[in-house]
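Heads up, the thing below is written out as C-alpha coordinates.
The model shown is predicted, which means the values in this text are computed figures rather than measured ones. When a ligand or atom number is given, it counts from 1 through the structure's own listing order.
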Amino acid sequence: MAHRIFNFNPGPSTLPLDVLKIVQQELLDYRGTGMSVMEISHRSPEYDEINNRAIELFRELAGLGDDYHVLFVGGGASTQFAMIPLNFLVDGKKAAYVDTGSWSTKAIKEANKLGEVHLAGSSKDKDYCFIPGPSEIDIPSGAAYLHLTSNNTIKGTQYHEWPDPGNVPLMCDMSSDILSRRLDYGKFSLIYAGAQKNLGPAGVTLVAIRDSLLAKCKDGTPSMLDYRIHAEKKSLYNTPPAFGVYIVKLVLEWVKSKGGLEAMEKINQAKQERVYQMLDQYPDYYRGTVRPDSRSWMNITFRLPNEDLEKKFIAEAKAAGLGGLKGHRSVGGVRVSTYNAMTPEGIDKLVGFMESFKKAN
Ligand SMILES: *Cc1c(COP(=O)(O)O)cnc(C)c1O
(Lines give C-alpha, C1' and ligand atoms only; values in the text may rest on other atoms or scores of the structure.)
Protein backbone atom coordinates (compact mmCIF):
# COMPACT_ATOMS: atom_id res chain seq x y z
CA MET A 1 0.00 0.00 0.00
CA ALA A 2 1.38 3.41 -1.00
CA HIS A 3 2.16 5.98 1.65
CA ARG A 4 -0.74 8.47 1.65
CA ILE A 5 -0.98 11.55 3.86
CA PHE A 6 -4.08 13.47 4.90
CA ASN A 7 -3.93 16.12 2.22
CA PHE A 8 -5.51 19.45 3.14
CA ASN A 9 -4.28 21.24 0.00
CA PRO A 10 -6.65 23.96 -1.22
CA GLY A 11 -6.37 22.95 -4.88
CA PRO A 12 -5.31 20.85 -6.60
CA SER A 13 -6.53 18.82 -3.69
CA THR A 14 -7.16 15.37 -2.35
CA LEU A 15 -9.15 12.90 -4.48
CA PRO A 16 -11.14 9.92 -3.18
CA LEU A 17 -8.80 6.96 -2.77
CA ASP A 18 -11.43 4.70 -4.34
CA VAL A 19 -11.31 6.83 -7.48
CA LEU A 20 -7.50 6.77 -7.67
CA LYS A 21 -7.57 3.01 -7.36
CA ILE A 22 -9.95 2.67 -10.30
CA VAL A 23 -7.74 5.01 -12.34
CA GLN A 24 -4.74 2.86 -11.47
CA GLN A 25 -6.56 -0.33 -12.34
CA GLU A 26 -7.81 0.94 -15.70
CA LEU A 27 -4.74 2.92 -16.64
CA LEU A 28 -2.93 0.58 -19.01
CA ASP A 29 -5.90 -1.03 -20.69
CA TYR A 30 -9.15 0.89 -20.56
CA ARG A 31 -11.95 -1.64 -20.87
CA GLY A 32 -10.24 -3.90 -23.36
CA THR A 33 -9.11 -1.17 -25.75
CA GLY A 34 -5.44 -1.92 -25.07
CA MET A 35 -4.96 1.82 -24.45
CA SER A 36 -5.29 4.23 -21.56
CA VAL A 37 -8.00 6.91 -21.60
CA MET A 38 -5.18 9.36 -22.41
CA GLU A 39 -4.49 7.49 -25.63
CA ILE A 40 -7.97 6.89 -27.05
CA SER A 41 -9.72 9.14 -29.53
CA HIS A 42 -12.09 11.72 -28.11
CA ARG A 43 -14.38 10.67 -31.00
CA SER A 44 -14.38 7.02 -29.91
CA PRO A 45 -17.46 5.28 -28.45
CA GLU A 46 -15.48 4.78 -25.21
CA TYR A 47 -14.96 8.50 -24.74
CA ASP A 48 -18.49 9.26 -25.85
CA GLU A 49 -19.72 7.07 -23.03
CA ILE A 50 -17.48 8.83 -20.48
CA ASN A 51 -18.63 12.27 -21.65
CA ASN A 52 -22.33 11.35 -21.67
CA ARG A 53 -22.18 9.66 -18.32
CA ALA A 54 -20.40 12.62 -16.69
CA ILE A 55 -23.01 15.03 -18.07
CA GLU A 56 -25.87 12.81 -16.95
CA LEU A 57 -24.43 12.26 -13.47
CA PHE A 58 -23.83 15.93 -12.87
CA ARG A 59 -27.39 16.79 -13.88
CA GLU A 60 -28.71 14.04 -11.67
CA LEU A 61 -26.63 14.93 -8.60
CA ALA A 62 -27.29 18.68 -8.93
CA GLY A 63 -30.97 18.08 -9.63
CA LEU A 64 -30.88 19.93 -12.94
CA GLY A 65 -33.30 19.22 -15.75
CA ASP A 66 -32.47 18.72 -19.41
CA ASP A 67 -32.98 22.43 -19.94
CA TYR A 68 -29.33 22.75 -18.91
CA HIS A 69 -26.26 21.98 -20.97
CA VAL A 70 -23.32 20.61 -19.02
CA LEU A 71 -19.97 21.44 -20.62
CA PHE A 72 -16.38 20.40 -19.96
CA VAL A 73 -13.97 23.06 -21.14
CA GLY A 74 -10.32 23.99 -20.66
CA GLY A 75 -8.72 27.18 -19.40
CA GLY A 76 -9.64 26.82 -15.73
CA ALA A 77 -12.27 28.75 -13.84
CA SER A 78 -10.22 31.87 -14.62
CA THR A 79 -11.16 31.68 -18.31
CA GLN A 80 -14.82 31.78 -17.25
CA PHE A 81 -14.14 35.19 -15.68
CA ALA A 82 -13.73 36.49 -19.26
CA MET A 83 -16.10 34.13 -21.06
CA ILE A 84 -19.13 35.26 -19.08
CA PRO A 85 -18.86 38.96 -20.00
CA LEU A 86 -17.74 38.09 -23.55
CA ASN A 87 -20.99 36.20 -24.06
CA PHE A 88 -23.47 38.10 -21.93
CA LEU A 89 -22.32 41.64 -21.18
CA VAL A 90 -24.03 43.54 -23.99
CA ASP A 91 -23.69 47.25 -24.76
CA GLY A 92 -25.95 49.45 -22.71
CA LYS A 93 -26.23 46.93 -19.87
CA LYS A 94 -24.29 46.54 -16.68
CA ALA A 95 -23.04 43.34 -15.14
CA ALA A 96 -23.57 43.13 -11.37
CA TYR A 97 -20.87 41.52 -9.23
CA VAL A 98 -20.54 40.86 -5.53
CA ASP A 99 -16.93 41.19 -4.41
CA THR A 100 -16.17 38.67 -1.68
CA GLY A 101 -12.41 38.40 -2.16
CA SER A 102 -9.59 37.34 -4.45
CA TRP A 103 -11.50 35.26 -6.99
CA SER A 104 -14.46 37.65 -7.24
CA THR A 105 -12.00 40.50 -7.62
CA LYS A 106 -10.36 38.72 -10.54
CA ALA A 107 -13.75 38.04 -12.15
CA ILE A 108 -14.61 41.75 -11.82
CA LYS A 109 -11.27 42.74 -13.33
CA GLU A 110 -12.03 40.76 -16.50
CA ALA A 111 -15.59 42.09 -16.78
CA ASN A 112 -14.26 45.64 -16.45
CA LYS A 113 -12.14 45.10 -19.55
CA LEU A 114 -15.17 44.05 -21.56
CA GLY A 115 -18.00 46.29 -20.43
CA GLU A 116 -19.65 48.12 -17.59
CA VAL A 117 -19.64 46.67 -14.10
CA HIS A 118 -21.96 47.48 -11.22
CA LEU A 119 -20.59 46.58 -7.79
CA ALA A 120 -23.69 45.06 -6.20
CA GLY A 121 -22.05 44.33 -2.86
CA SER A 122 -18.67 44.00 -1.22
CA SER A 123 -17.00 43.06 2.03
CA LYS A 124 -13.67 44.58 1.01
CA ASP A 125 -13.64 47.22 3.76
CA LYS A 126 -13.73 44.41 6.35
CA ASP A 127 -10.98 42.46 4.63
CA TYR A 128 -13.61 40.15 3.12
CA CYS A 129 -14.33 38.51 6.47
CA PHE A 130 -18.04 38.10 5.69
CA ILE A 131 -20.58 37.50 2.93
CA PRO A 132 -22.93 40.45 2.35
CA GLY A 133 -26.50 39.48 3.26
CA PRO A 134 -29.35 39.66 0.74
CA SER A 135 -30.33 43.12 2.01
CA GLU A 136 -26.76 44.39 1.49
CA ILE A 137 -26.76 43.41 -2.18
CA ASP A 138 -28.21 45.85 -4.65
CA ILE A 139 -29.08 44.49 -8.08
CA PRO A 140 -30.07 46.93 -10.83
CA SER A 141 -33.23 45.53 -12.43
CA GLY A 142 -31.87 45.72 -15.98
CA ALA A 143 -28.52 44.10 -15.19
CA ALA A 144 -27.14 41.62 -17.73
CA TYR A 145 -26.51 39.18 -14.86
CA LEU A 146 -25.50 38.92 -11.21
CA HIS A 147 -22.24 37.11 -10.50
CA LEU A 148 -21.45 35.52 -7.13
CA THR A 149 -18.64 33.34 -5.75
CA SER A 150 -20.33 30.72 -3.59
CA ASN A 151 -17.23 29.81 -1.57
CA ASN A 152 -14.18 31.98 -1.13
CA THR A 153 -11.33 29.51 -1.11
CA ILE A 154 -8.74 32.02 0.06
CA LYS A 155 -10.73 34.10 2.56
CA GLY A 156 -12.66 31.18 4.06
CA THR A 157 -16.21 32.49 3.60
CA GLN A 158 -19.27 30.90 1.99
CA TYR A 159 -22.83 31.89 1.12
CA HIS A 160 -25.42 30.43 3.46
CA GLU A 161 -28.19 32.75 2.32
CA TRP A 162 -28.70 33.83 -1.27
CA PRO A 163 -29.89 37.12 -2.72
CA ASP A 164 -33.02 37.01 -4.87
CA PRO A 165 -32.04 38.45 -8.26
CA GLY A 166 -35.61 38.63 -9.63
CA ASN A 167 -35.41 38.45 -13.41
CA VAL A 168 -31.68 38.99 -13.55
CA PRO A 169 -29.81 35.78 -14.48
CA LEU A 170 -27.75 34.46 -11.57
CA MET A 171 -24.24 33.16 -12.27
CA CYS A 172 -21.95 31.55 -9.79
CA ASP A 173 -18.34 30.51 -9.48
CA MET A 174 -18.69 27.29 -7.46
CA SER A 175 -15.11 26.09 -7.93
CA SER A 176 -14.49 25.25 -4.30
CA ASP A 177 -17.85 24.01 -3.02
CA ILE A 178 -19.67 22.44 -5.94
CA LEU A 179 -21.58 19.30 -4.93
CA SER A 180 -20.57 19.71 -1.28
CA ARG A 181 -24.11 20.38 0.00
CA ARG A 182 -27.72 20.40 -1.05
CA LEU A 183 -28.65 23.50 -2.96
CA ASP A 184 -31.27 24.64 -5.41
CA TYR A 185 -28.91 24.56 -8.37
CA GLY A 186 -31.86 25.38 -10.61
CA LYS A 187 -31.89 28.99 -9.43
CA PHE A 188 -28.63 29.62 -11.27
CA SER A 189 -28.59 30.31 -14.99
CA LEU A 190 -24.89 29.51 -15.16
CA ILE A 191 -22.63 27.60 -12.78
CA TYR A 192 -18.95 26.97 -13.29
CA ALA A 193 -16.19 25.23 -11.38
CA GLY A 194 -12.55 24.41 -11.99
CA ALA A 195 -12.41 20.69 -11.25
CA GLN A 196 -9.32 20.67 -9.05
CA LYS A 197 -11.06 21.32 -5.73
CA ASN A 198 -14.16 19.17 -5.49
CA LEU A 199 -14.52 17.39 -8.82
CA GLY A 200 -11.26 16.01 -10.16
CA PRO A 201 -7.89 17.09 -11.49
CA ALA A 202 -6.81 20.48 -12.82
CA GLY A 203 -7.29 21.16 -16.53
CA VAL A 204 -11.03 20.68 -16.82
CA THR A 205 -13.74 23.18 -15.92
CA LEU A 206 -17.37 22.25 -15.59
CA VAL A 207 -20.03 24.68 -16.82
CA ALA A 208 -23.77 24.18 -16.46
CA ILE A 209 -25.78 26.66 -18.45
CA ARG A 210 -29.52 27.03 -18.85
CA ASP A 211 -30.74 26.88 -22.43
CA SER A 212 -32.70 30.13 -22.17
CA LEU A 213 -29.42 31.87 -21.31
CA LEU A 214 -27.52 30.06 -24.05
CA ALA A 215 -29.87 31.68 -26.54
CA LYS A 216 -28.59 35.08 -25.42
CA CYS A 217 -24.90 34.54 -26.25
CA LYS A 218 -23.47 37.44 -28.20
CA ASP A 219 -22.70 36.90 -31.87
CA GLY A 220 -19.12 37.35 -32.99
CA THR A 221 -17.54 35.70 -29.95
CA PRO A 222 -14.42 33.68 -30.87
CA SER A 223 -15.45 30.02 -31.22
CA MET A 224 -13.49 28.62 -28.31
CA LEU A 225 -15.01 31.25 -26.02
CA ASP A 226 -18.58 30.87 -27.29
CA TYR A 227 -20.77 28.75 -24.99
CA ARG A 228 -23.09 27.89 -27.90
CA ILE A 229 -20.29 26.18 -29.82
CA HIS A 230 -19.32 24.02 -26.84
CA ALA A 231 -22.98 23.19 -26.17
CA GLU A 232 -23.77 22.31 -29.79
CA LYS A 233 -20.67 20.12 -30.06
CA LYS A 234 -21.13 18.47 -26.65
CA SER A 235 -17.74 19.84 -25.54
CA LEU A 236 -16.10 18.17 -28.54
CA TYR A 237 -15.50 21.21 -30.74
CA ASN A 238 -11.80 20.68 -30.13
CA THR A 239 -9.92 18.00 -28.17
CA PRO A 240 -11.38 18.13 -24.66
CA PRO A 241 -9.32 17.54 -21.50
CA ALA A 242 -10.38 13.91 -21.83
CA PHE A 243 -8.42 12.31 -19.01
CA GLY A 244 -9.69 14.97 -16.61
CA VAL A 245 -13.29 14.43 -17.71
CA TYR A 246 -12.80 10.71 -17.14
CA ILE A 247 -11.70 11.34 -13.55
CA VAL A 248 -14.58 13.79 -13.02
CA LYS A 249 -16.91 11.03 -14.14
CA LEU A 250 -15.38 8.67 -11.58
CA VAL A 251 -15.68 11.30 -8.84
CA LEU A 252 -19.35 11.86 -9.72
CA GLU A 253 -19.95 8.11 -9.56
CA TRP A 254 -18.24 8.10 -6.16
CA VAL A 255 -20.47 10.95 -4.90
CA LYS A 256 -23.52 9.06 -6.09
CA SER A 257 -22.38 5.81 -4.49
CA LYS A 258 -21.94 7.62 -1.16
CA GLY A 259 -25.55 8.81 -1.25
CA GLY A 260 -25.39 12.00 -3.32
CA LEU A 261 -25.55 15.54 -2.01
CA GLU A 262 -27.59 14.70 1.05
CA ALA A 263 -24.83 12.37 2.25
CA MET A 264 -22.06 14.79 1.23
CA GLU A 265 -23.75 17.56 3.16
CA LYS A 266 -24.13 15.44 6.27
CA ILE A 267 -20.48 14.37 6.25
CA ASN A 268 -19.20 17.85 5.41
CA GLN A 269 -21.36 19.45 8.08
CA ALA A 270 -19.92 17.14 10.73
CA LYS A 271 -16.35 17.72 9.49
CA GLN A 272 -16.49 21.52 9.61
CA GLU A 273 -18.30 21.50 12.96
CA ARG A 274 -15.44 19.65 14.59
CA VAL A 275 -12.80 22.08 13.37
CA TYR A 276 -14.82 25.22 14.20
CA GLN A 277 -15.50 23.74 17.64
CA MET A 278 -11.75 23.83 18.26
CA LEU A 279 -11.68 27.49 17.20
CA ASP A 280 -14.61 28.29 19.47
CA GLN A 281 -13.08 26.37 22.35
CA TYR A 282 -9.76 28.24 22.18
CA PRO A 283 -10.67 31.58 20.56
CA ASP A 284 -7.55 33.33 21.89
CA TYR A 285 -5.30 30.66 20.48
CA TYR A 286 -6.95 29.49 17.25
CA ARG A 287 -8.29 32.81 15.98
CA GLY A 288 -10.85 32.40 13.22
CA THR A 289 -10.49 35.06 10.54
CA VAL A 290 -14.13 35.21 9.39
CA ARG A 291 -17.46 36.23 10.85
CA PRO A 292 -19.24 33.13 12.23
CA ASP A 293 -22.33 33.55 10.01
CA SER A 294 -20.13 33.43 6.91
CA ARG A 295 -17.90 30.51 7.82
CA SER A 296 -16.95 28.24 4.96
CA TRP A 297 -17.49 24.51 5.27
CA MET A 298 -14.75 23.90 2.73
CA ASN A 299 -11.86 26.20 3.68
CA ILE A 300 -11.43 26.96 7.37
CA THR A 301 -9.02 29.84 8.00
CA PHE A 302 -7.45 30.86 11.29
CA ARG A 303 -4.40 32.48 12.84
CA LEU A 304 -2.31 31.48 15.83
CA PRO A 305 -0.99 33.98 18.41
CA ASN A 306 2.10 34.68 16.31
CA GLU A 307 3.75 33.76 13.02
CA ASP A 308 6.44 31.61 14.61
CA LEU A 309 3.76 29.42 16.15
CA GLU A 310 1.98 29.24 12.80
CA LYS A 311 5.17 28.04 11.11
CA LYS A 312 5.71 25.49 13.86
CA PHE A 313 2.08 24.33 13.62
CA ILE A 314 2.30 23.78 9.87
CA ALA A 315 5.68 22.03 10.07
CA GLU A 316 4.71 19.71 12.93
CA ALA A 317 1.37 18.93 11.29
CA LYS A 318 3.22 17.98 8.14
CA ALA A 319 5.55 15.71 10.08
CA ALA A 320 2.44 14.07 11.57
CA GLY A 321 1.05 13.30 8.12
CA LEU A 322 -1.26 16.34 7.83
CA GLY A 323 -0.21 18.25 4.71
CA GLY A 324 -1.22 21.42 2.89
CA LEU A 325 -2.32 23.50 5.88
CA LYS A 326 -0.51 26.71 5.06
CA GLY A 327 -2.84 29.67 4.52
CA HIS A 328 -2.80 31.49 1.19
CA ARG A 329 0.15 33.87 0.92
CA SER A 330 -2.22 36.87 0.83
CA VAL A 331 -3.81 35.90 4.17
CA GLY A 332 -1.18 33.91 6.08
CA GLY A 333 -2.03 31.66 8.99
CA VAL A 334 -3.57 28.24 8.58
CA ARG A 335 -6.17 26.99 6.11
CA VAL A 336 -7.89 23.64 6.50
CA SER A 337 -9.50 22.55 3.23
CA THR A 338 -12.24 20.01 3.87
CA TYR A 339 -13.45 19.12 0.40
CA ASN A 340 -15.68 16.11 -0.27
CA ALA A 341 -12.72 13.73 -0.56
CA MET A 342 -11.26 14.66 2.85
CA THR A 343 -12.28 11.84 5.16
CA PRO A 344 -13.67 12.22 8.70
CA GLU A 345 -10.55 10.26 9.80
CA GLY A 346 -8.38 13.09 8.46
CA ILE A 347 -10.43 15.58 10.48
CA ASP A 348 -10.17 13.40 13.60
CA LYS A 349 -6.44 13.36 13.29
CA LEU A 350 -6.26 17.11 12.66
CA VAL A 351 -8.45 17.98 15.63
CA GLY A 352 -6.38 15.70 17.87
CA PHE A 353 -3.26 17.43 16.60
CA MET A 354 -4.74 20.89 17.29
CA GLU A 355 -5.60 19.86 20.84
CA SER A 356 -2.12 18.55 21.64
CA PHE A 357 -0.34 21.39 19.84
CA LYS A 358 -2.24 23.93 21.93
CA LYS A 359 -1.30 22.11 25.14
CA ALA A 360 2.39 21.85 24.19
CA ASN A 361 2.69 25.43 22.96
C1 LIG B 1 -9.28 27.96 -7.55
C2 LIG B 1 -10.38 28.92 -7.86
C3 LIG B 1 -10.44 29.60 -9.09
C4 LIG B 1 -9.36 29.51 -10.13
O5 LIG B 1 -9.40 28.34 -10.80
P6 LIG B 1 -8.42 28.02 -12.03
O7 LIG B 1 -8.96 26.74 -12.53
O8 LIG B 1 -7.04 27.95 -11.46
O9 LIG B 1 -8.52 29.12 -13.02
C10 LIG B 1 -11.52 30.43 -9.31
N11 LIG B 1 -12.48 30.58 -8.39
C12 LIG B 1 -12.45 29.95 -7.20
C13 LIG B 1 -13.55 30.16 -6.21
C14 LIG B 1 -11.39 29.09 -6.90
O15 LIG B 1 -11.36 28.46 -5.72
Side-chain angles (χ1 to χ4, degrees), residues 7-15 71-86 97-111 113 121-124 128-132 145-160 162 170-181 183 185 188 190-208 224-225 230 235 240-241 243-245 247-248 251 268 272 289-290 294-301 324 326-331 335-342:
N7 172 5
F8 292 93
N9 276 328
S13 48
T14 188
L15 284 163
L71 317 175
F72 297 107
V73 295
S78 301
T79 298
Q80 297 304 309
F81 298 164
M83 243 171 110
I84 288 174
L86 272 168
Y97 281 77
V98 179
D99 185 12
T100 47
S102 320
W103 296 116
S104 315
T105 310
K106 284 188 170 168
I108 292 167
K109 182 178 160 198
E110 297 308 295
K113 293 179 191 174
S122 172
S123 50
K124 188 176 180 180
Y128 299 113
C129 75
F130 71 100
I131 297 288
Y145 56 84
L146 172 67
H147 180 282
L148 308 174
T149 311
S150 54
N151 183 73
N152 298 279
T153 326
I154 293 174
K155 300 293 177 184
T157 59
Q158 187 177 29
Y159 279 82
H160 298 293
W162 301 89
L170 190 55
M171 308 203 178
C172 195
D173 176 359
M174 295 195 183
S175 293
S176 51
D177 68 350
I178 194 155
L179 301 188
S180 65
R181 54 179 171 170
L183 197 62
Y185 284 88
F188 301 93
L190 188 152
I191 295 161
Y192 64 97
Q196 69 271 25
K197 279 112 189 187
N198 240 343
L199 287 178
V204 50
T205 302
L206 180 145
V207 177
M224 278 299 287
L225 301 172
H230 292 291
S235 307
F243 195 67
V245 174
I247 298 177
V248 169
V251 170
N268 288 329
Q272 57 87 24
T289 56
V290 311
S294 303
R295 284 174 166 178
S296 167
W297 288 22
M298 295 277 104
N299 308 98
I300 301 168
T301 54
K326 197 168 187 295
H328 189 267
R329 58 192 183 279
S330 68
V331 179
R335 169 171 47 174
V336 179
S337 297
T338 54
Y339 301 125
N340 286 352
M342 172 49 65

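Looking only at protein heavy atoms, the nearest one to atom 9 (O) of ligand 1 is Ser78 OG, 2.6 Å. Looking at atom 11 (N) of ligand 1, its nearest protein heavy atom turns out to be Asp173 OD2, 2.6 Å. Looking at atom 15 (O) of ligand 1, its nearest protein heavy atom turns out to be Thr153 OG1, 2.4 Å.
Looking at Phe81 against ligand 1, only its side chain comes within 4.0 Å, counting heavy atoms. Looking at Asn151 against ligand 1, only its backbone comes within 4.0 Å, counting heavy atoms. By the criterion of a heavy-atom distance under 4.0 Å, the side chain of Lys197, and not its backbone, is placed next to ligand 1.
In this structure, the side chain of Asp177 does not engage the main chain of Leu179 through any donor-acceptor pair within 3.5 Å. Listed for the Ser150 side chain is a donor-acceptor partner under 3.5 Å among the backbone atoms of Asp173. The closest donor-acceptor contact from the side chain of His147 to the backbone of Ser104 lies at 3.5 Å or more, if one exists at all.
When the heavy atoms of Gly11, Gly76, Ala77 are ranked by distance to atom 5 (O) of ligand 1, first place goes to Ala77.
Val204 is linked by a side chain to side chain contact (heavy atoms under 4.5 Å, CB included) to Phe72, Ala195, Pro241, Val245, Val248, counting only residues two or more places apart in sequence or in another chain. Residues satisfying the salt bridge (charged side-chain N to carboxylate O under 4.0 Å, His left out) criterion with Lys113, sequence neighbours excluded, are Glu110.
Side-chain contact between Gln272 and Met298: absent, with no pair of heavy atoms (C-beta onward) separated by less than 4.5 Å.
Note: Tyr128 and Trp103 fail the aromatic proximity criterion, with ring centroids not under 6.0 Å apart.
Counting atoms of ligand 1 from 1 in the listed order, those under 4.0 Å from a heavy atom of Ser175 are 10 (C), 11 (N), 12 (C), 13 (C), 14 (C), 15 (O). Here is the list of ligand 1 atoms found below 4.0 Å of a heavy atom in Gln196: 5 (O), 6 (P), 7 (O), 8 (O).
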